[in-house]
Amino acid sequence: MTDPNDKLTRAYRELAREEPPASLDAAILARAREGVGARQKPSWMVPVSIAAVLVLGIGVTLRMQKEEPGIETSVPTLSNVPETHSPSPAAQPATTLPEASEPAAAEPKPAAVEVAPPKVEKKAKDRVDFMRRQENVAPAPQSPPAASTITPTFTPPPPAAPSAPAARMAPAPATMAAPPAAAAGAAANAPASGAARSAQDTLQAAPQRTKREAESDAASMRDLKKSIAAESDPPRELERIAQLRAEGKNTEADQALEAFRKRFPDYRIPDEVWLRVKPR
Amino acid sequence: MPESDEQLMLAYAGGDSAAFETLYSRHKGPLYRYVLRSVKGRGEAEELFQDIWMRVVEAASRYRPQAKFTTWLYTVAHNRLVDHWRAKGLAMVSLDDGETSAPEPAAAPSAEPHRIAEAAATAQQLERALAALPLAQREAFLLHYEADLTAAEIAAATGTNPEAAKSRLRYAIDKLREAVGDD
């Protein structure tokens with residue numbers, strides 16, 4: 001670009017020979033190496049998203065279980081849910097059906113339990129198995145089933161289609177997707193012992209609670225999405241910082257501004273916006 | 001064939017720290033001199049210089065080669081300098097106004113006595129003339145002579161339009177040529 005024969009160019013090249021000190025080089029390069037390691041860790045968004053999905057999913061599953069025990073392991077219809085139940089360890093085996101009573105609940109079975117594949121054919125087979133067992137054992141209670149008999153990974157939501165893998169359910173907490181079954185199973189274990197007596201009452205209240213909870217979960221997810229969207233949009237993030245300044249939350253605003261600069265180092269803050277977000 | 005700056009930056013974003021070292025060695029000198037001649041003292045310059053590279057490191061995962069890497073790098077550097085000037089109470093000064101006086105003259109030769117003995121007379125004259133330039137013109141000159149940016153790229157990095165950038169660069173070159181006797 002510059003003419004090397006140009007007198008000005010030669011004079012400037014003669015003048016401008018400064019280089020950063022070696023200590024500065026070393027510090028910057030060290031930090032750059034650390035940056036590689038830091039980037040290889042999952043960002044904060046990933047664990048937050050996972051946690052949000054787990055919380056929502058567990059909550060939904062708990063309510064589903066209270067509403068209709070066994071609903072997560074079969075095509076749910078109320079007629080399938082038996083009225084009473086007696087413990088029957090013999091009926092335990094690898095099954096996707098919730099049959100255990102309280103004693104059985106205390107005995108966590110491994111997941112020799114069949115995993116219900118997300119296929120209609122498998123679901124139909126499970127239903128047949130369930131019907132067969134109804135002939136052999138007393139019907140299961142309405143209490144939340146034991147962990148051991150809950151399908152470990154795939155649980156179809158009520159009225160919906162076959163179960164989906166947990167990963168696919170991650171983005172749709174508002175649709176009452178089934179949660180990771182291990183967590184669900186573990187969670188179900190606790191209430192199993194006390195829920196039998198109140199099963200009838202909870203069954204009636206569950207639909208409303210489930211709906212309320214689902215709406216609350218959906219609202220939480222919308223807020224989370226809004227927050228994430230604001231932080232990925234520089235003007236909106238600057239507005240948020242300006243709002244913090246206006247509210248006198250200067251410490252929070254300072255931190256947000258510093259974080260903003262790290263995230264968007266090449267974004268130019270207009271003068272008029274700067275006046276509203278600058279440190280006080 | 002040596003990798004381009006953009007490829008190196010993407011490689012770094014992908015976890016190749018050696019790519020960053022190559023990138024750094026290519027640009028550290030010009031960027032350092034750009035910052036050094038934009039602020040008052042060497043200490044300030046070194047602090048800002050390090051800060052700029054830290055922003056590059058932290059933004060690596062979000063880097064997209066939509067423009068030349070150099071343009072992006074000097075946009076980050078310019079923004080950091082603007083933040084610095086604003087923090088010093090220069091918020092109301094129109095830093096993009098090429099006709100305003102420099103709010104912070106660059107370090108004069110007298111501030112670096114060891115260089116006085118070494119610098120030729122021409123270089124001294126140039127140094128003084130450069131320090132006396134309005135900030136926006138000085139910046140345009142430095143971005144052109146250090147970072148090899150065109151007027152359009154200078155405009156992109158400094159948030160102005162290409163005509164304004166071209167005008168500032170032309171004024172700066174004219175004044176400096178006069179100072180070194182290259183009319």
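Lettering of chains follows the sequences in order, A, B, ..., and the numbering in each one begins at 1.
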Does the side-chain contact (heavy atoms from CB on, under 4.5 Å) test come out yes or no for Phe264(A) and Asn79(B), once each step is laid out?
CA-CA 10 Å; Phe264(A) 309 108; Asn79(B) 287 345; over 6 Å; no
Give the C-alpha distance, both sets of side-chain angles, the deciding distance and a yes or no for side-chain contact (heavy atoms from CB on, under 4.5 Å) between Arg268(A) and Val82(B).
CA-CA 9 Å; Arg268(A) 187 164 297 99; Val82(B) 167; over 6 Å; no
Check against salt bridge (Lys or Arg N to Asp or Glu O under 4.0 Å), Glu18(A) and Arg37(B):
CA-CA 10 Å; Glu18(A) 300 93 341; Arg37(B) 287 185 166 80; 2.8 Å; yes
Can you tell me which portion of Tyr24(B) sits under 4.5 Å from chain A's heavy atoms? Options are side chain, backbone, both or neither.
side chain
If you tally heavy-atom pairs under 4.5 Å between each of Pro30(B), Ala77(B), Ser25(B), Ser17(B) and chain A, the highest tally belongs to Ser17(B)
Part of Arg261(A) lying under 4.5 Å from any heavy atom of chain B:
both
Hey, does the side chain of Lys7(A) reach the backbone of Val180(B) with a donor-acceptor pair shorter than 3.5 angstrom?
yes
Is there side-chain contact between Val36(A) and Phe20(B), with heavy atoms separated by less than 4.5 Å?
no
Take Arg263(A) and Arg62(B), measure what side-chain contact (heavy atoms from CB on, under 4.5 Å) needs, and give me the verdict at the end.
CA-CA 8 Å; Arg263(A) 285 177 59 82; Arg62(B) 289 183 292 278; 3.8 Å; yes
Can a salt bridge be assigned to the pair Arg55(B) and Asp266(A) using a cut-off of 4.0 Å between side-chain N and carboxylate O?
no
Which portion of Ala156(B) sits near chain A, non-hydrogen atoms under 4.5 angstrom
backbone
What heavy-atom pair brings Asp271(A) and Arg86(B) nearest, and what distance separates the two atoms?
OD1-NH2, 2.5 Å
May I ask you to check whether over 12 heavy atoms, not counting those of Glu47(B), lie within 6.0 Å of atom CD?
no
Stepwise side-chain contact (heavy atoms from CB on, under 4.5 Å) test for Thr122(B) and Leu15(A):
CA-CA 9 Å; Thr122(B) 303; Leu15(A) 167 68; over 6 Å; no
Interatomic distance, CD@Gln50(B) vs OG@Ser23(A), rounded to 0.5 Å, equals 9.0 Å
Leu23(B), part contacting chain A, at a heavy-atom distance under 4.5 Å:
neither
Tell me, do Pro265(A) and Arg80(B) make a side-chain contact under 4.5 Å, heavy atoms counted?
no
Can you tell me if Glu247(A) has over 12 outside heavy atoms packed within less than 6.0 Å of its CD?
yes
Report which part of Ile173(B) has an atom under 4.5 Å of a heavy atom belonging to chain A: side chain, backbone, both, or neither.
both
With rounding to the nearest 0.5 Å, note down the distance linking OH in Tyr145(B) to CZ in Arg13(A).
8.0 Å
Interface moiety of Pro279(A) toward chain B, non-hydrogen atoms closer than 4.5 Å:
neither
Considering heavy atoms only, which positions within residues 249-258 of chain A lie below 4.5 Å of chain B?
none
Ion pair check, Glu19(A) and Arg33(B), cut-off under 4.0 Å
yes
Quick one: pull up CG in Leu8(A) and NZ in Lys175(B) and give me the separation to the nearest 0.5 Å.
13.5 Å
Part of Phe141(B) lying under 4.5 Å from any heavy atom of chain A
side chain
Does Trp53(B) reach the side chain of Pro20(A), with side-chain heavy atoms less than 4.5 Å apart?
no
OH on Tyr12(A) to CG on Leu130(B), rounded to 0.5 Å
6.5 Å
Which value, rounded to the nearest 0.5 Å, describes the distance between Lys28(B) atom NZ and Asp25(A) atom CG?
3.5 Å
What part of Ala18(B) is in contact with chain A, defined as an atom under 4.5 angstrom from a non-hydrogen atom: side chain, backbone, both or neither?
neither
